Visitor: 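First the structure, then my questions, so here it is.
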Amino acid sequence: YWPMLYMTNKGVVANPELLEPGMVLKIYELPFDPKAPGALSVTVIVETYLQTYADYVKLGASWVDQRRWVLLQAATFDKDFFAKNEARIDAADLAWYKAR
């Protein structure tokens with residue numbers, strides 16, 4: 001669930017890969033059971049991963065591996081993740097996934 005930590009701290013953390021000494025992060029209790037999230041919680045989780053993915057895309061081509069990893073993590077919560085979110089995923093990343 002690390003994208004939730006990242007998204008709630010975007011004002012402090014500009015790059016999800018770089019936590020610096022001295023950063024003060026807000027850590028909230030998850031509003032659901034992490035071992036068994038319900039349907040609404042899964043929707044929120046997937047959206048958080050998609051927003052984190054979009055931030056990796058903005059970081060540029062050198063972050064392709066990281067952004068694809070975020071997509072694979074999101075897909076663990078929704079077996080139809082790629083089909084449902086095609087419009088929000090870069091064409092090269094979709095082609096990579098389909099070729100796997």
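Start at 1 with the first residue, then count along the sequence. Every value quoted in this text rests on a predicted model; they were computed, and no experiment measured them.
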Visitor: Residues two or more places apart in sequence or in another chain: which of them pass side chain to side chain donor-acceptor pair (under 3.5 Å) with Glu47?
Guide: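 For Glu47, the residues satisfying side chain to side chain donor-acceptor pair (under 3.5 Å) (neighbours in sequence not counted) are Gln51, Arg88.
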Visitor: Taking C-beta and beyond as the side chain, do Asn85 and Leu71 meet within less than 4.5 Å on heavy atoms?
Guide: no
Visitor: Salt bridge (Lys or Arg N to Asp or Glu O under 4.0 Å) with Arg68: which residues, sequence neighbours excluded?
Guide: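 Here the qualifying residues are Asp93.
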Visitor: Return the set of residues passing side chain to side chain donor-acceptor pair (under 3.5 Å) with Trp2 (not counting sequence neighbours), or none when no residue passes.
Guide: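 Gln73.
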Visitor: Please name all residues satisfying side-chain contact (heavy atoms from CB on, under 4.5 Å) with Leu94, sequence neighbours left out, ordered by chain then number.
Guide: Phe82, Glu86, Ile89
Visitor: Under a 4.5 Å side-chain heavy-atom rule over Ile, Leu, Val, Met, Phe, Trp and Tyr, are Val12 and Met7 clustered together?
Guide: yes
Visitor: Among pairs that include at least one residue of residues 5-15, which meet side-chain hydrogen bond (donor to acceptor under 3.5 Å, both in side chains), considering only residues two or more places apart or in two chains?
Guide: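 Those involving residues 5-15 are Tyr6-Asp55, Lys10-Asp55.
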Visitor: So which residues get pulled into Tyr28's cluster when ILVMFWY side chains under 4.5 Å apart are joined, directly or through others?
Guide: none
Visitor: List for me each residue that meets salt bridge (Lys or Arg N to Asp or Glu O under 4.0 Å) alongside Asp78, sequence neighbours excluded, and say none if there are none.
Guide: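 Asp78: salt bridge (Lys or Arg N to Asp or Glu O under 4.0 Å) contacts with Lys84.
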Visitor: For residues Lys26 and Leu5, report the shortest heavy-atom separation together with the two atoms involved.
Guide: O-CD1, 3.5 Å
Visitor: For residues 31-44, dump all side-chain donor-acceptor pairs below 3.5 Å to protein atoms at least two apart in sequence or in another chain.
Guide:
unit_1: Asp33; atom_1: OD1; unit_2: Lys35; atom_2: N; d: 3.0
unit_1: Thr43; atom_1: OG1; unit_2: Ala39; atom_2: O; d: 3.1

Visitor: For Pro3 and Thr52, which heavy atoms make the closest approach, and how far apart are they?
Guide: CB-OG1, 3.3 Å
Visitor: Suppose we screen for side chain to side chain donor-acceptor pair (under 3.5 Å). Which residues come up paired with Glu20, at least two apart in sequence or across chains?
Guide: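 Partners of Glu20 under the side chain to side chain donor-acceptor pair (under 3.5 Å) test: none.
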Visitor: Side-chain heavy atoms under 4.5 angstrom apart, residues restricted to Ile, Leu, Val, Met, Phe, Trp, Tyr: same cluster for Val70 and Val57?
Guide: yes
Visitor: Measure from NZ or CZ of Arg100 to the centre of the six-membered ring of Trp96, then state whether that distance is under 6.0 Å and the direction lies within 45° of the axis.
Guide: yes
Visitor: Flag yes if Val64 and Leu72 sit in one hydrophobic cluster, no otherwise; membership is Ile, Leu, Val, Met, Phe, Trp, Tyr, and two members link when side-chain heavy atoms are under 4.5 Å apart.
Guide: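 No, Val64 does not connect to Leu72 through the hydrophobic network.
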Visitor: List the atom of Asp90, the atom of Arg67, and the distance in Å for their closest heavy-atom pair.
Guide: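 Closest approach of Asp90 to Arg67: OD2-NH2, 3.7 Å.
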Visitor: With sequence neighbours excluded, tell me which residues meet ring pair (Phe, Tyr, Trp, His ring centres under 6.0 Å) with Phe77.
Guide: Tyr1, Tyr49
Visitor: Answer yes if Tyr53 and Trp63 sit in the same cluster of Ile, Leu, Val, Met, Phe, Trp and Tyr residues linked by side chain heavy atoms under 4.5 Å apart, and no otherwise.
Guide: yes
